S.K.: 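Have a look at this one.
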Amino acid sequence: MSAGNGFFFVLFVYEYMSTCPELDQTGCQWIYVVYFLSWKIFKMCLLFSLVMDQDYESRLLRQINIQENASPVKAIAGVRALTPTNSPLSSPSKHGDRFIPSRAGANWSVNFHRINEIEKSHNQNRKTKDGTTDNNNKADGLAYSALLKNELLGAGIDKVQDPQSEDRRLQTSTPVKRSLFSYSVSAKRALPEEDGNAVSPYSLSPVSSNSQKLLRSPRKPTRKISKIPFKVLDAPELQDDFYLNLVDWSSLNVLSVGLGTCVYLWSACTSQVTRLCDLSVEGDSVTSVGWSERGNLVAVGTHKGYVQIWDAAAGKKLSVLEGHTARVGALAWNADQLSSGSRDRVILQRDIRAPPLQSERRLQGHRQEVCGLKWSTDHQLLASGGNDNKLLVWNHSSVLPVQQYTEHLAAVKAIAWSPHQHGLLASGGGTADRCIRFWNTLTGQPLQCTDTGSQVCNLAWSKHTNELVSTHGYSQNQILVWKYPSLTQVAKLTGHSYRVLYLAMSPDGEAIVTGAGDETLRFWNVFSKMRSTKESVSVLNLFTRIR
């Protein structure tokens, strides 16, 4: 049924109802029902006819475009005439009431990638900004936390620990039992001198006396370690061999370096370089160097198994020690005694003042090459590390090791005795181990272990603070500064492109020098000269209690 036919049908029904008087009530009701349905059918047919006319919209748009092209000025004037200035909401518009943004000129792929770049640059700027204020924020957070504990819980904290100290927890006294949601007046008011958490009635401060002490306590400035070396020296022919020890720093501030067949001395005071010896005439090469404690003698280990003793000031060779059948890769001085470790798995101890055969002691305990040797600070124990993954401890009275540690899974070259705690020994493993382990040589028990993620090449303790530095090889080639005993990383230094195989410390204990296969020596300021106010003292060390 079309729209016109429906309309005439509705008119017919209406006229019939109005002109037929003989219809009863029931008939009239039916007529009204038919009339109502007819009217609904008419409206549906009208809407259907408009929808089904597919060319209606295109014809309407074509007509509007023709009018606009014919007289654009007139069309604009007409639109302005139809749009009053006082009522823009009620104005008729051909565009309707919806706002559809134009996205024709937007390049979404380019903008999407630019968003990521902007976020990355913003994050980098925020990281660099946060890195400079990270330590200050930690200190402020600790102080604020202590203040809240004092006022709310009665903790009685009057001092905040260093954020980088080994104990990050706030040292609190026995907390006072206090209900936060009840109010009671005590019969006897405690004096401020008696109760640190009480607030004096004559005080102008709203916080307790302990909190006042906390706020008045001076803040320790955070130590900043430069991540850039303050000096870089070229070291041509510096070998990339894990089992050698070619760099050492004397107590007279002279650095000795083994380069190929020669040993060079560099004075840190005058920056003067001198060549001490050249083994190319003998057909030999340098495999290790080591200064005596006084700094006047330097021992040179060779590839053929000899140990030469040189007077550094005079540039004169004093003696040649024989006994090894393979290269000497490790040297350690103990006053006038010199210990040497070789690939022949033997450790020889000799007194340079006596004939070699009379003072010689042979220590046999390793099954592979000896690559690490260090005497304890009290000159009583010798620690040796080998390619057999063993760490052995020797004394003066026995030719057999008094302690043996086998927890490492790779060669043990990095060895260091703590100058702050008696009997504390640190050791590091190679590529398959990557761990730094700490041992109590007084009881023979392991203490702590941390996985560094890379090959541990060298270890050295600070002379003034309870910290140590480690150098690493595969695969990160980094230098790490650790806080003991918390084993938190104080700093991470990078710059070498090869394994950092060599390490030595300056006589003042402030700077270190590192060497690598990239044929460079880099000098770093990592330790402070100020001695820590609180050092861990071993209870088992009886010498610390002697006045």
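We count residues from 1, following the sequence as given. None of the values given here were measured: they were computed from a predicted structure.
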S.K.: Are K316 and D311 within salt-bridge range, i.e. N to O under 4.0 Å?
M.R.: no

S.K.: Could you go through the side chain to side chain contact (heavy atoms under 4.5 Å, CB included) check for V289 and V263 one step at a time?
M.R.: CA-CA 8 Å; V289 293; V263 176; 4.2 Å; yes

S.K.: How about H472 and S470: does a side-chain donor come under 3.5 Å of a side-chain acceptor?
M.R.: yes

S.K.: List the steps, then state whether side chain to side chain contact (heavy atoms under 4.5 Å, CB included) holds for V247 with L503.
M.R.: CA-CA 7 Å; V247 177; L503 171 68; over 6 Å; no

S.K.: List in chain and number order the residues that pass side-chain contact (heavy atoms from CB on, under 4.5 Å) with N395, two or more places apart in sequence or in another chain; answer none if no residue qualifies.
M.R.: L381, S397, S398, V402

S.K.: Heavy atoms, side chains only, cut-off 4.5 Å: are V328 and T302 in contact?
M.R.: no

S.K.: What donor-acceptor contacts under 3.5 angstrom involve side-chain atoms of residues 519-526, with partners at least two apart or in another chain?
M.R.:
unit_1 : atom_1 : unit_2 : atom_2 : d
E519   : OE2    : E237   : N      : 3.3
T520   : OG1    : D518   : OD1    : 2.9
T520   : OG1    : D518   : OD2    : 3.4
R522   : NH2    : G495   : O      : 3.4
W524   : NE1    : T514   : OG1    : 3.0
W524   : NE1    : R522   : O      : 3.4

S.K.: Let's go through D284 and K304 carefully: what are the C-alpha distance in whole Å and the side-chain angles of both, what is the deciding distance for salt bridge (charged side-chain N to carboxylate O under 4.0 Å, His left out) to 0.1 Å, and is it a yes or a no?
M.R.: CA-CA 7 Å; D284 209 345; K304 292 185 176 181; 5.5 Å; no

S.K.: Got a sec, which residues hit side-chain hydrogen bond (donor to acceptor under 3.5 Å, both in side chains) with Q476, two or more places apart in sequence or on another chain?
M.R.: Q478

S.K.: Got a sec, which residues hit salt bridge (Lys or Arg N to Asp or Glu O under 4.0 Å) with E293, two or more places apart in sequence or on another chain?
M.R.: none

S.K.: Within this structure, what is the NZ-CD1 distance for the pair K227 and I479, rounded to the nearest 0.5 Å?
M.R.: 12.5 Å

S.K.: Using a 3.5 Å distance criterion without hydrogens, assess whether the side chain of D388 forms a donor-acceptor pair with backbone atoms of R367.
M.R.: yes

S.K.: Hey, does the side chain of Q403 reach the backbone of T441 with a donor-acceptor pair shorter than 3.5 angstrom?
M.R.: yes

S.K.: With sequence neighbours left out, what residues match T261 under side-chain hydrogen bond (donor to acceptor under 3.5 Å, both in side chains)?
M.R.: D278

S.K.: Indicate yes or no: at least one non-hydrogen side-chain atom of W266 is less than 4.5 angstrom from one of V257.
M.R.: no

S.K.: Check whether S342 reaches the backbone of A326 with its side chain - one donor and one acceptor, N or O, closer than 3.5 Å.
M.R.: yes

S.K.: What are the two closest non-hydrogen atoms of V513 and W249, and how far apart are they?
M.R.: CG1-CE3, 3.7 Å

S.K.: Measuring from N245:CG to L373:CG, what's the distance to the nearest 0.5 Å?
M.R.: 8.5 Å

S.K.: Between S462 and E467, is there a donor-acceptor pair closer than 3.5 Å when you use the side chain of the first and the backbone of the second?
M.R.: no

S.K.: Indicate the atoms forming the closest heavy-atom contact of L238 with A516, along with that distance.
M.R.: CD2-O, 3.3 Å

S.K.: Is the side chain of W417 donor-acceptor paired with the backbone N or O of K374 at a distance under 3.5 Å, no angle test?
M.R.: yes

S.K.: Less than 6.0 angstrom separating the ring centers of W375 and H396, yes or no?
M.R.: yes

S.K.: side-chain contact (heavy atoms from CB on, under 4.5 Å) with T406: which residues, sequence neighbours excluded?
M.R.: K390, Q404

S.K.: I need the L363 CG to L348 CG distance, nearest 0.5 Å.
M.R.: 8.0 Å

S.K.: Between the side chain of H464 and the main-chain N/O of E510, is any donor-acceptor distance below 3.5 Å?
M.R.: no

S.K.: Any salt bridge linking D351 with R361? Criterion: basic side-chain nitrogen under 4.0 Å from a carboxylate oxygen.
M.R.: no

S.K.: Can you tell me how far CD of Q308 sits from SG of C277, rounded to the nearest 0.5 angstrom?
M.R.: 6.0 Å

S.K.: Between V469 and F527, is any pair of side-chain heavy atoms under 4.5 Å apart?
M.R.: yes

S.K.: Can you confirm whether H422 sits close enough to Q380 that some side-chain heavy atom of one is under 4.5 Å from a side-chain heavy atom of the other?
M.R.: no

S.K.: Walk me through whether D451 and R434 qualify under salt bridge (charged side-chain N to carboxylate O under 4.0 Å, His left out).
M.R.: CA-CA 6 Å; D451 190 350; R434 306 184 306 273; 3.8 Å; yes

S.K.: Check whether any side-chain N or O of S251 sits under 3.5 Å from a backbone N or O of R294 as a donor-acceptor pair, and report yes or no.
M.R.: yes

S.K.: Looking at every non-hydrogen atom in both residues, tell me the closest pair between I347 and W394 and how far apart they are.
M.R.: CD1-NE1, 4.0 Å

S.K.: Output all residues satisfying side-chain hydrogen bond (donor to acceptor under 3.5 Å, both in side chains) with T431, sequence neighbours left out; order by chain, then residue number.
M.R.: Q455

S.K.: What residues form a side-chain hydrogen bond (donor to acceptor under 3.5 Å, both in side chains) with R362, not counting sequence neighbours?
M.R.: none

S.K.: Hey, does S340 have a side-chain heavy atom less than 4.5 Å from the side chain of R350?
M.R.: yes

S.K.: Does anything in residues 430-456 pair up under ring pair (Phe, Tyr, Trp, His ring centres under 6.0 Å), and if so which pairs, sequence neighbours excluded?
M.R.: Y405-W439, F438-Y484

S.K.: Counting only N and O atoms by type, is there a donor-acceptor contact under 3.5 Å from the side chain of K413 to the main-chain atoms of Y243?
M.R.: no

S.K.: Which pair of non-hydrogen atoms, one from L265 and one from S256, has the smallest distance, and what is that distance?
M.R.: CD2-CB, 3.7 Å

S.K.: What are the two closest heavy atoms between G428 and L459, and how far apart are they?
M.R.: N-CD1, 3.8 Å

S.K.: Okay, side chain of H420, backbone of T465: is any donor-acceptor separation there less than 3.5 Å?
M.R.: yes

S.K.: Of all residues at least two apart in sequence or in a different chain, which pass the salt bridge (Lys or Arg N to Asp or Glu O under 4.0 Å) check with D240?
M.R.: R499

S.K.: By the ring pair (Phe, Tyr, Trp, His ring centres under 6.0 Å) test, which pairs, at least two apart or in different chains, include something from residues 321-355?
M.R.: none

S.K.: Does a side-chain heavy-atom distance below 4.5 Å link L276 with Y264?
M.R.: no

S.K.: Could you state the interatomic distance from OG (S288) to CG (D241), rounded to the nearest 0.5 Å?
M.R.: 11.5 Å

S.K.: Quick one: list whatever passes salt bridge (Lys or Arg N to Asp or Glu O under 4.0 Å) with R343, sequence neighbours left out.
M.R.: E369

S.K.: Should D433 and H408 be marked as a side-chain hydrogen bond (donor to acceptor under 3.5 Å, both in side chains) after you check the CA-CA gap, both sets of side-chain angles, and the distance that decides it?
M.R.: CA-CA 6 Å; D433 185 72; H408 282 290; 2.9 Å; yes

S.K.: Side chains of L391 and R437: closer than 4.5 Å at any heavy-atom pair?
M.R.: no

S.K.: Measure the CG-OG distance between L244 and S285 for me, rounded to the nearest 0.5 Å.
M.R.: 8.5 Å

S.K.: Do L338 and L321 have side chains that get closer than 4.5 Å, going by heavy atoms?
M.R.: yes

S.K.: What is the minimum heavy-atom distance between A432 and L409, and which atoms define it?
M.R.: CB-O, 3.8 Å

S.K.: Donor-acceptor check, side chain of N458 to backbone of L501, threshold 3.5 angstrom: yes or no?
M.R.: yes

